[in-house]
*Asks:* 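Here it is, the structure, as structure tokens.
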2 protein chains.
Amino acid sequence: MVRKSATGRIGIADVAVKAGVSHATVSRVMNGNYTVDPEIASRVRAAAAELKYQPNPVGRSLALGKTDTIGIVVPDLANPTFQAILRGLSRAAAQDGYRVLIADSFEVSSEESILAGEARRRCDGLVLCAPRMTDAELEEIAPSLHPLVLINRTTATTGVPSLVVDYGQGVQDLAEHLVELGHTRLAFLAGPPRSASNGMRLQGLETFKAAHPHVDVTMLEGGSDFDTGHEAVDAVLESGATGILAFNDLVAMGLMSGLHERGIDVPGDMSVTGFDDIPFAKYTTPALTTAAVPITELGEQAWRQLRALIRKEENDAPGSRYQPRLEVRSSSGPARAARTAVHG
Amino acid sequence: MVRKSATGRIGIADVAVKAGVSHATVSRVMNGNYTVDPEIASRVRAAAAELKYQPNPVGRSLALGKTDTIGIVVPDLANPTFQAILRGLSRAAAQDGYRVLIADSFEVSSEESILAGEARRRCDGLVLCAPRMTDAELEEIAPSLHPLVLINRTTATTGVPSLVVDYGQGVQDLAEHLVELGHTRLAFLAGPPRSASNGMRLQGLETFKAAHPHVDVTMLEGGSDFDTGHEAVDAVLESGATGILAFNDLVAMGLMSGLHERGIDVPGDMSVTGFDDIPFAKYTTPALTTAAVPITELGEQAWRQLRALIRKEENDAPGSRYQPRLEVRSSSGPARAARTAVHG
DNA sequence: GCGAACCGAGAAAACGCTTTCTCAGCGGTG
DNA sequence: CACCGCTGAGAAAGCGTTTTCTCGGTTCGC
């Protein structure tokens, strides 16, 4: 006699019938509206419990105009950086009762804006994580995506907070560190060309080169994963550099593994640095010198900003810039020449 | 004159007005119903395009009774294994036009069933990944979660496919491998107590012990992350074992890092094996011997099964068992005694 | 030339909720 | 005693779609 509704699931109407009240009253009770007679309220609650009634979130969303869900668009879910952001975001959002819907663009930038739009329509807000789309495209769709928070990208559109990591400064710190160790020939193993963070690193290196005219910096093409690093061994050796700035920790790990296979000692023969300080970086042998990015914190902060937007609160800090922290471990050491000079 | 609807967003009604037809007709056109006069259809399409109309998915979901979204519940989003499953699932689902909603239980098993229920109600189906809840609890909620696919867990409830990795066999293979290298004292660094996969490993080891009465296997308490492995160094050394079976690759990496700090050579003094073959395993020094689990494939397969359930197709393979593949790398080598015998 | 079958599109119901509107019923006041 | 304000709960109107129902207008067949 119970499941009368078409879907087979029990709905508010079933509870109403069972409790002998209107479904409006059931709704009131379920939402803690205290204008309901306590006696009736408890009768409704009993009926709901007995039927194991759980409100249908879709109906609820339609009526309330909100979904209690946010979306995140990432270029590549396999990347530990984005995983960490997702984790931080998901965790922070969950604490406020929000769920997160994920959309992986698989690095195809043309899909990104469609994906973002679709995700946005199902959610109350969106986090766009290191989008690969062009600036023009971003500017165009940004208004339609509001509430929107950007990570590692900025826009001229007002009301769009963006959290960016100062990769330029980070790479300068790393280069500085290598120079202090006596390295005069450096190489930068670049990331994906469309990545904005790669652009920031390149810019940082320009600044660095201007400040250190005597240091030679070779640019090498690359990517963002292990294999990139592993395959770059030849190019790196060819460059004659003794201090290698890898795009990120993954690339650095791939490179170190490749160097190890060739019998090249790190940091004895060559110093290698990463970027990001993913959890694994501490446990490589040798442990990886890197620039630590407070990445889960970034995810949390993204939620804070988005929440403020959703709640239409005054946004105190419409954006933030994160400074990476130099993390010196054992993959970087004195340059050969310098060491020889000291020892002999 | 456009945005007349309360939400501010343009809806089907706006398009209807602009095209001078009823909103029913607009709906028909948008859904490719060919009973509409081509002239009218194109007028509607023009209006829709001009207004940049995009159907509201929530209203759509309510009317159609489906959300084109699936949910996944994981115990810990920080775990690379679950990340890989999520990735495989998300990717496979995306190809069929489904999105995925994530729910992280943060290893608190009491929250799991509530989380699962909530997620399920917003979605068309659910993947429960290595749930930590008790068997009784699982049996109880499983029917209400249908369509449901389990990973690394089984249930008596009918119509619930489960994909399980044969951890028991995998750990036996690894132990076998170590014994062949001459190790006679092994230690197992266990995982989280509530983890079903840990139970499977323990069971596998029992079988192994029965088959190899002369081999000594010490059981050590543990966990599932780096730190567990790192902190277990003392216990491992104390055990006197020369072949260590770590719960997974993460634990193995932590352990190797700790052993390295103590100046203990792997595999010279001690052999270490992991489990899972996460991408990082290839790049540790020494490269990690492990049991490879086709984990992204697992995620994909989970989607296939779930899709079949959603579409109410006949399910040809209501569940599958995955055999890990022994991946011998350089973290395992001949036992000291055996090596001495050979060399001297 | 008239009824039947058909076609296309608007009206209306349905999906499952929330919330405003409305109106009995009741106690208090002048 | 009539009137007023208040309370609490049902009726009904949304929220934005899809889909069934209905019906005027053709076309076809006899």
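Excluded from the calculations below are hydrogen atoms, water molecules and symmetry mates; all remaining heavy atoms, backbone and side chain alike, are included. Keep in mind that this is a model prediction, so the values were computed, not measured. Each chain gets a letter, A, B and so on, in the order the sequences are listed, and its residues count up from 1.
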*Asks:* What is the distance, rounded to the nearest whole Å, between atom CZ of R121(B) and atom P of dC17(C)?
*Replies:*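 R121(B) atom CZ is separated from dC17(C) atom P by 11 Å.
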*Asks:* Holding to side-chain hydrogen bond (donor to acceptor under 3.5 Å, both in side chains), I want the full list of residues that pass it with E139(A), two or more places apart in sequence or in another chain.
*Replies:*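 Here the qualifying residues are T155(A), T157(A).
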*Asks:* May I have the distance from N31(B) (atom CG) to dT20(D) (atom C1'), rounded to whole angstrom?
*Replies:*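 Distance, rounded to whole Å: 15 Å.
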*Asks:* For the helix from dG1(C)-dC30(D) to dG30(C)-dC1(D), measure the angle between the helix axis at one end and the axis at the other, each built from five pairs, rounding to 10°.
*Replies:*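 Answer rounded to 10°: the end axes differ by 70°.
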*Asks:* Nearest-Å distance, CG (L64(A)) to P (dC15(C))?
*Replies:*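 Value for this atom pair: 20 Å.
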*Asks:* What I'd like to find out is whether the side chain of V127(B) reaches to under 4.5 Å of the side chain of V73(B), using heavy atoms alone.
*Replies:*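 When only atoms from C-beta onward are counted, V73(B) and V127(B) do not touch, as no gap falls below 4.5 Å.
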*Asks:* Please identify each residue that fulfils side-chain hydrogen bond (donor to acceptor under 3.5 Å, both in side chains) with R28(B), with sequence neighbours left out.
*Replies:*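 Residues passing side-chain hydrogen bond (donor to acceptor under 3.5 Å, both in side chains) with R28(B): none at all.
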*Asks:* Between dA12(D), dG16(C), dA9(C), which nucleotide gets closest to the side-chain atoms of T25(B)?
*Replies:*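 The listed nucleotide nearest to T25(B)'s side chain is dA9(C).
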*Asks:* Which atoms of nucleotides 24-27 of chain C (N or O only) lie under 3.5 Å from a protein N or O atom, and what are those distances?
*Replies:*
none

*Asks:* To the nearest angstrom, how far is R60(B) atom CZ from dC15(D) atom C1'?
*Replies:*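 That distance rounds to 17 Å.
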*Asks:* Please tell me which of the listed nucleotides, dT18(D), dT18(C), dC15(C), lies nearest to the side chain of S27(B)?
*Replies:*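 That would be dT18(D).
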*Asks:* Expressed as a whole number of angstroms, how long is the span from R122(B):CZ to dC15(C):C1'?
*Replies:*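 Nearest whole value for this atom pair: 17 Å.
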*Asks:* Using the closest heavy atom to pick a nucleotide of DNA chain C for each, name whichever of L62(A) or H23(B) lands nearer the 5' end.
*Replies:*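 So the residue in question is H23(B).
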*Asks:* Under 3.5 Å, is there a donor-acceptor pair linking the side chains of N31(A) and R60(A)?
*Replies:*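 The answer is yes; a qualifying pair exists.
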*Asks:* For the pair E112(B) and R132(B), evaluate salt bridge (charged side-chain N to carboxylate O under 4.0 Å, His left out) and give the outcome as yes or no after the intermediate values.
*Replies:* CA-CA 8 Å; E112(B) 243 173 8; R132(B) 308 303 203 213; 5.7 Å; no
*Asks:* Using a heavy-atom cut-off of 4.0 Å across all strands, would you classify V21(A) as base, sugar-phosphate, or nothing?
*Replies:*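 Here V21(A) touches the backbone only, sparing every base.
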*Asks:* Over how many whole Å does the gap from R9(A) atom CZ to dA14(C) atom P extend?
*Replies:*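 Value for this atom pair: 22 Å.
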*Asks:* My understanding is that only residues two or more places apart in sequence, or in another chain, count here; which of them pass side-chain hydrogen bond (donor to acceptor under 3.5 Å, both in side chains) with D124(A)?
*Replies:*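 Per chain and number, D124(A) pairs via side-chain hydrogen bond (donor to acceptor under 3.5 Å, both in side chains) with T67(A).
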*Asks:* side-chain hydrogen bond (donor to acceptor under 3.5 Å, both in side chains) with T69(B): which residues, sequence neighbours excluded?
*Replies:*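 side-chain hydrogen bond (donor to acceptor under 3.5 Å, both in side chains) list for T69(B), sorted by chain: empty.
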*Asks:* Over how many whole Å does the gap from I10(B) atom CD1 to dT17(D) atom C1' extend?
*Replies:*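 Interatomic distance, CD1 of I10(B) to C1' of dT17(D): 15 Å.
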*Asks:* With the side chain of S22(A) defined as its heavy atoms from C-beta on, choose the nearest nucleotide among dG10(D), dT18(D), dT19(C).
*Replies:*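 Taking heavy atoms from C-beta onward, the closest nucleotide is dG10(D).
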*Asks:* Under the rule for side-chain contact (heavy atoms from CB on, under 4.5 Å), what residues qualify as partners of E313(A), not counting sequence neighbours?
*Replies:*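 Per chain and number, E313(A) pairs via side-chain contact (heavy atoms from CB on, under 4.5 Å) with A308(A), R311(A).
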*Asks:* Listed by chain and number, what are the side-chain contact (heavy atoms from CB on, under 4.5 Å) partners of A119(A), not counting sequence neighbours?
*Replies:*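 A119(A) satisfies side-chain contact (heavy atoms from CB on, under 4.5 Å) with L126(A) once adjacent residues are dropped.
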*Asks:* Describe the nucleic acid contact of Y53(B) in one word from base, sugar-phosphate, nothing, applying a heavy-atom distance below 4.0 Å.
*Replies:*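 Touches sugar-phosphate only.
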*Asks:* Enumerate the residues from residues 36-45 of chain A whose closest heavy atom to DNA chain C is under 4.0 Å, giving them by residue number; use none for an empty result.
*Replies:*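 Of all residues in residues 36-45 of chain A, none places a heavy atom under 4.0 Å from DNA chain C.
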*Asks:* I'd like to check the side-chain contact (heavy atoms from CB on, under 4.5 Å) partners of A196(B); sequence neighbours left out, ordered by chain and number.
*Replies:*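 Here the qualifying residues are R153(B).
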*Asks:* Sorted by first residue and then second, give each ring-ring contact (aromatic ring centres under 6.0 Å, His included) pair with at least one member in residues 86-121 of chain B; sequence neighbours left out.
*Replies:*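 Applying ring-ring contact (aromatic ring centres under 6.0 Å, His included) to every pair that reaches into residues 86-121 of chain B, excluding sequence neighbours, yields Y98(B)-W303(B).
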*Asks:* Could a donor-acceptor pair under 3.5 angstrom be found where the side chain of R28(A) meets the base of dG8(D)?
*Replies:*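 For R28(A), whose side chain was compared with the base of dG8(D), there is no donor-acceptor pair (under 3.5 Å).
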*Asks:* Which whole-number value in Å describes the distance from Q54(A) CD to dC17(C) P?
*Replies:*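 Distance check: Q54(A) CD to dC17(C) P gives 11 Å.
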*Asks:* What pairs of residues pass the ring-ring contact (aromatic ring centres under 6.0 Å, His included) test when at least one of them lies in residues 126-149 of chain B, not counting sequence neighbours?
*Replies:*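 ring-ring contact (aromatic ring centres under 6.0 Å, His included) check on residues 126-149 of chain B returns no pairs.
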